[in-house]
Amino acid sequence: MKTAFSLGATVLLTAVGGLRGAAYDPLVVDPNFKAEVRDMSVHDAARNRDIPIRIYLPATDKPEPVILFSHGLGGTRTGSEFLGEQWSARGYVAVFLQHPGSDDGVWKNEPPAKRLAAMRGAISLENFLLRVRDVPVVIDQLEVWDKSGPLAGRMDLAKIGMSGHSFGAATTEAVSGEMFPVGGAKLTDSRICAAIIFSPSAPKSGSTERAFNNVKIPWLLMTGTEDTTIIGGADVKSRLAVYPAVRGAPKYEVVLDKAEHSVFTDRSLPGEHEPRNPNHHRVILALSTAFWDAYLRSDKDALAWLNGSGPRKVMEPADVWKTSPGT
């Protein structure tokens, strides 16, 4: 899926390698680029668990930063393709995880009348912990593959970004700095350098401030004014509670006007009623790319764009943008 740019952005279409010579623009990609996609599987012997992954590879063979993505409840590694295509077009190795137990296997073989109950049953502590453990296992395997085999030398694993949507957002929060009432921050993986949380949510029990006030890496939070779900109970208030609770690192938040829960995916979800706004994907791609460039590549121009007037130039007036780039 090419999103640079059928969405109507006026951009200078040039090769990624030539981007640095022009004014910084996070939406510029090579119009002829098509990601090399590899579907692979990571086996966790300790849990006897196979984790399917989809890897979007950039055009270059030199080591590039890695971005992980965790899908929402009932999803797969093939979801949110527009993100994988954009990030790889910008030179990142994008690794999309699939989590057995909370993927499409939950609902696809169920009669329609039983699917909602099956999905609700999959929002469990057991599946949450399975997901959280999947992340370091995949990173461990990437480290092995980077030393030998078809992916050897193609990943800069000193620069890892983590991201996820919905249940994947909760997964991302857990591995990138959230504190828990029991166990503290033991779920955090210190190899993760920055995180994007699509549809964040506050914990259902315990203090939101305690959960997030010790985050040590940059976070970008994305949600919408209609970002609610019938499963899991997270509402807009819960999603907006995360940003003010993050105290220990650079933080950013966008709230897209009239955007529903599916805005971070490729298509609408059953029960949604708002017409999809093409500019929402444009904003998501621009902000996520600038964030990764700033915090995984230490790109000063990207950081200046992110902390300056750049975001407002791609947003619509009713979208809300907050920044706190200092610590």
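As the structure is a computational prediction, the values presented were derived from the model and not from experiment. Residues take their numbers from the sequence shown, with the count starting at 1.
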| message | Run the side chain to side chain donor-acceptor pair (under 3.5 Å) test against N213 and tell me which residues pass, sequence neighbours left out. | response | none

| task | Verify, without hydrogens or angle tests, whether T225 (side chain) and K258 (backbone) share a donor-acceptor contact under 3.5 angstrom. | result | yes

| field | Under 3.5 Å: donor-acceptor pair, side chain of T323, backbone of P325 | value | no

| task | Would you check if the side chain of K251 reaches a backbone N or O of S324 as a donor-acceptor pair within less than 3.5 Å? | result | no

| field | side-chain contact (heavy atoms from CB on, under 4.5 Å) partners of L142, counting only residues at least two apart | value | V66, L68, V95, V138, W145, M155, L157

| query | Given H165, which of F264, F69, F96 fulfils the ring pair (Phe, Tyr, Trp, His ring centres under 6.0 Å) condition? | reply | F264

| side-chain contact (heavy atoms from CB on, under 4.5 Å) partners of T229, counting only residues at least two apart | R239, H261

| query | Side-chain heavy atoms under 4.5 angstrom apart, residues restricted to Ile, Leu, Val, Met, Phe, Trp, Tyr: same cluster for L129 and L73? | reply | yes

| request: Compare every heavy atom of V215 with every heavy atom of G177, then report the nearest pair and how far apart it is. | output: O-CG2, 4.0 Å

| task | List in chain and number order the residues that pass side chain to side chain donor-acceptor pair (under 3.5 Å) with D235, two or more places apart in sequence or in another chain; answer none if no residue qualifies. | result | none

| note | On a heavy-atom basis, the closest approach of W87 and S288 is NE1-OG, 3.0 Å

| query | Can you get from F82 to F198 by hopping between Ile, Leu, Val, Met, Phe, Trp and Tyr side chains that sit under 4.5 Å apart? | reply | yes

| query | Is the side chain of T172 donor-acceptor paired with the backbone N or O of S163 at a distance under 3.5 Å, no angle test? | reply | yes

| In the hydrophobic cluster built from side-chain contacts under 4.5 Å, what are the other members alongside V236? | L240, V255, V320

| message | Using only atom types and a distance under 3.5 Å, with no angle test, would you say the side chain of E110 pairs donor to acceptor with the backbone of R115? | response | no

| message | Can a side-chain donor-acceptor contact be found between Y92 and D156 if the only test is distance below 3.5 angstrom? | response | no

| said: Any carboxylate oxygen within less than 4.0 angstrom of a Lys/Arg side-chain nitrogen, looking at E260 and R276? | reply: no

| note | Which of Y252, W321, W292 passes side chain to side chain contact (heavy atoms under 4.5 Å, CB included) with L287? Answer is W321

| Quick one: side chain to side chain donor-acceptor pair (under 3.5 Å) partners of R131, sequence neighbours excluded? | S70, H71, S102, T171

| task | Output all residues satisfying salt bridge (Lys or Arg N to Asp or Glu O under 4.0 Å) with E36, sequence neighbours left out; order by chain, then residue number. | result | R38, R154

| task | Kindly indicate, with the supporting measurements, whether the criterion side-chain hydrogen bond (donor to acceptor under 3.5 Å, both in side chains) is fulfilled by D227 and S199. | result | CA-CA 7 Å; D227 189 357; S199 298; 2.7 Å; yes

| field | Nearest non-hydrogen partners of T208 and P203, listed with the distance | value | OG1-CD, 4.0 Å

| Test item: D319 side-chain N/O and E316 main-chain N/O as donor-acceptor pair under 3.5 Å | yes

| Does any pair with a residue in residues 57-68 pass side chain to side chain donor-acceptor pair (under 3.5 Å), and if so which ones, sequence neighbours excluded? | K62-E64, E64-R297

| Partners passing salt bridge (Lys or Arg N to Asp or Glu O under 4.0 Å) against K108 (at least two apart in sequence or in another chain) | D104

| Hey, is the main chain of A302 close enough, under 3.5 Å, to the side chain of D299 for a donor-acceptor pair? | yes

| task | Please list, chain by chain and in numerical order, all residues satisfying salt bridge (Lys or Arg N to Asp or Glu O under 4.0 Å) with E253, sequence neighbours excluded. | result | none

| field | E143/R191 under salt bridge (charged side-chain N to carboxylate O under 4.0 Å, His left out): CA gap, chis, key distance, verdict | value | CA-CA 11 Å; E143 290 176 342; R191 294 172 291 186; 3.3 Å; yes

| request: Would you please name every residue forming a salt bridge (Lys or Arg N to Asp or Glu O under 4.0 Å) with D146, sequence neighbours left out? | output: none

| message | One thing to verify: whether D44 and R49 come together as a salt bridge, which I'm taking to mean a side-chain N less than 4.0 angstrom from a carboxylate O. | response | no

| said: Check whether D293 reaches the backbone of L303 with its side chain - one donor and one acceptor, N or O, closer than 3.5 Å. | reply: no

| task | Ignoring hydrogens and angles, tell me if any N or O in the side chain of D134 forms a donor-acceptor pair with the backbone of L97 under 3.5 Å. | result | no

| Do you see a donor-acceptor pair shorter than 3.5 Å between the side chains of E178 and T188? | no

| message | Can a donor-acceptor pair be found, under 3.5 Å and without considering hydrogens, that links the side chain of S262 to the backbone of T265? | response | no

| task | List in chain and number order the residues that pass side chain to side chain donor-acceptor pair (under 3.5 Å) with R120, two or more places apart in sequence or in another chain; answer none if no residue qualifies. | result | none

| request: Compute the ring centroids of W219 and Y243, then answer whether they are less than 6.0 Å apart. | output: no

